[in-house]
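Below you'll find the structure, written out as structure tokens, and then a few comments.
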Amino acid sequence: MATLASAVAELNRLIAGRKLVEGIDRFYDDNVVMTESASQSTAGKAANRERERVFVDGLTKWNATLHDTVIDETRGVALSRWTIEYDHTQFGAGVLRQIAAQQWRDGRIVEESFYKV
């Protein structure tokens with residue numbers, strides 16, 4: 001079985017490469033809950049996959065820079081700090097500066113929260 005560090009590194013490579021849906025397919029639990037800045041949550045892999053697919057389909061630019069990753073293998077926690085520049089057909093141009101906080105269990109993400117920085 002892969003280590004948490006190797007799974008997180010592979011997921012981060014997919015995110016940097018604009019392969020968000022593939023990342024969900026490979027690394028997210030069927031019952032995952034994803035929360036944006038402690039406001040709105042989306043429950044379930046299928047719902048999160050569809051939300052990301054719609055977002056990715058509208059992208060015309062994606063430049064994701066991973067700054068730092070901190071991993072606690074014992075607790076199954078990973079934190080990654082990103083700057084993401086994008087252009088989107090619906091949302092326009094933007095820059096996301098965020099930390100993705102992930103709780104992993106049995107090789108899958110069961111909870112993920114995004115915090116603006």
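Everything numeric here is computed off the predicted structure, so don't read it as measured data. The basis for the numbers below is simple: all heavy atoms, side chains too, and nothing from hydrogens, waters or symmetry mates.
For Val21, the side chain to side chain contact (heavy atoms under 4.5 Å, CB included) test picks out Asp25, Arg49, Glu52, Arg53, with sequence neighbours left out. Asp29 pairs by the side-chain hydrogen bond (donor to acceptor under 3.5 Å, both in side chains) definition with nothing, not counting sequence neighbours. Take Ala101 and apply the side chain to side chain contact (heavy atoms under 4.5 Å, CB included) test, not counting sequence neighbours, and it matches Leu79, Tyr115. Every residue two or more places apart in sequence or in another chain was checked for a ring-ring contact (aromatic ring centres under 6.0 Å, His included) with His67, and none qualifies. Not counting sequence neighbours, Thr65 has no partner by the side-chain hydrogen bond (donor to acceptor under 3.5 Å, both in side chains) test. Partners of Ala9 according to the side chain to side chain contact (heavy atoms under 4.5 Å, CB included) rule, which considers only residues two or more places apart in sequence or in another chain, are Arg13. Residues forming a side chain to side chain contact (heavy atoms under 4.5 Å, CB included) with Val56 (at least two apart in sequence, or on another chain): Leu20, Leu59.
Residue pairs meeting the salt bridge (charged side-chain N to carboxylate O under 4.0 Å, His left out) criterion with at least one member in residues 76-85, sequence neighbours excluded: Lys61-Glu85, Asp68-Arg81. A salt bridge (charged side-chain N to carboxylate O under 4.0 Å, His left out) check over residues 108-117, counting only residues at least two apart or in different chains, returns nothing. Screening residues 90-104 for salt bridge (charged side-chain N to carboxylate O under 4.0 Å, His left out) gives no qualifying pairs among residues at least two apart or on separate chains. Residues in residues 71-80 take part in these side-chain hydrogen bond (donor to acceptor under 3.5 Å, both in side chains) pairs, two or more places apart or across chains: Asn12-Ser80, Thr69-Ser80, Asp72-Arg75.
Contact of the Gln103 side chain with the Val77 side chain is registered, since non-hydrogen atoms from C-beta on lie closer than 4.5 Å. Side-chain contact between Phe114 and Leu96 is absent, with no heavy-atom pair separated by less than 4.5 Å. Side-chain atoms of Leu11 and Ile109, non-hydrogen and from C-beta on, do get closer than 4.5 Å to each other. Residues Asn48 and Tyr28 are not in side-chain contact: their nearest non-hydrogen atoms beyond the backbone lie 4.5 Å or more apart.
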*Do Val32 and Val110 pass the side-chain contact (heavy atoms from CB on, under 4.5 Å) test, and can you show the C-alpha distance, the side-chain angles, and the key distance before you say yes or no?*
CA-CA 4 Å; Val32 65; Val110 294; 5.7 Å; no
*Take Tyr86 and Thr60 through the test side-chain contact (heavy atoms from CB on, under 4.5 Å) and record every step on the way to the result.*
CA-CA 7 Å; Tyr86 66 90; Thr60 58; over 6 Å; no
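Using the six-membered ring where Trp is involved, His88 and Phe55 have ring planes that are parallel, under 30° apart on the 30 and 60° scheme.
Here CD of Gln102 is found 9.0 Å from CD1 of Ile71. Values are rounded to the nearest 0.5 Å. A distance of 11.5 Å separates CD of Gln40 from CE of Met34, quoted to the nearest 0.5 Å. Interatomic distance, CH2 of Trp82 versus CD1 of Ile15, reported as 5.0 Å (0.5 Å rounding).
Under a hydrophobic clustering in which Ile, Leu, Val, Met, Phe, Trp and Tyr are joined whenever their side-chain heavy atoms come within less than 4.5 Å, directly or via other members, Ile99 and Val33 fall into different clusters. Hydrophobic clustering places Phe91 together with Trp62 (ILVMFWY residues linked when any side-chain heavy atoms are closer than 4.5 Å, directly or through intermediates).
Considering every non-hydrogen atom in both Leu14 and Phe27, the closest pair reads CD1-CE1, 4.0 Å. In plain terms, the two heavy atoms of Ala64 and Ile84 that are nearest each other are CB-CG1, 3.9 Å.
A 6.0 Å sphere centred on NZ of Lys45 holds more than 12 heavy atoms belonging to other residues, nucleotides or ligands.
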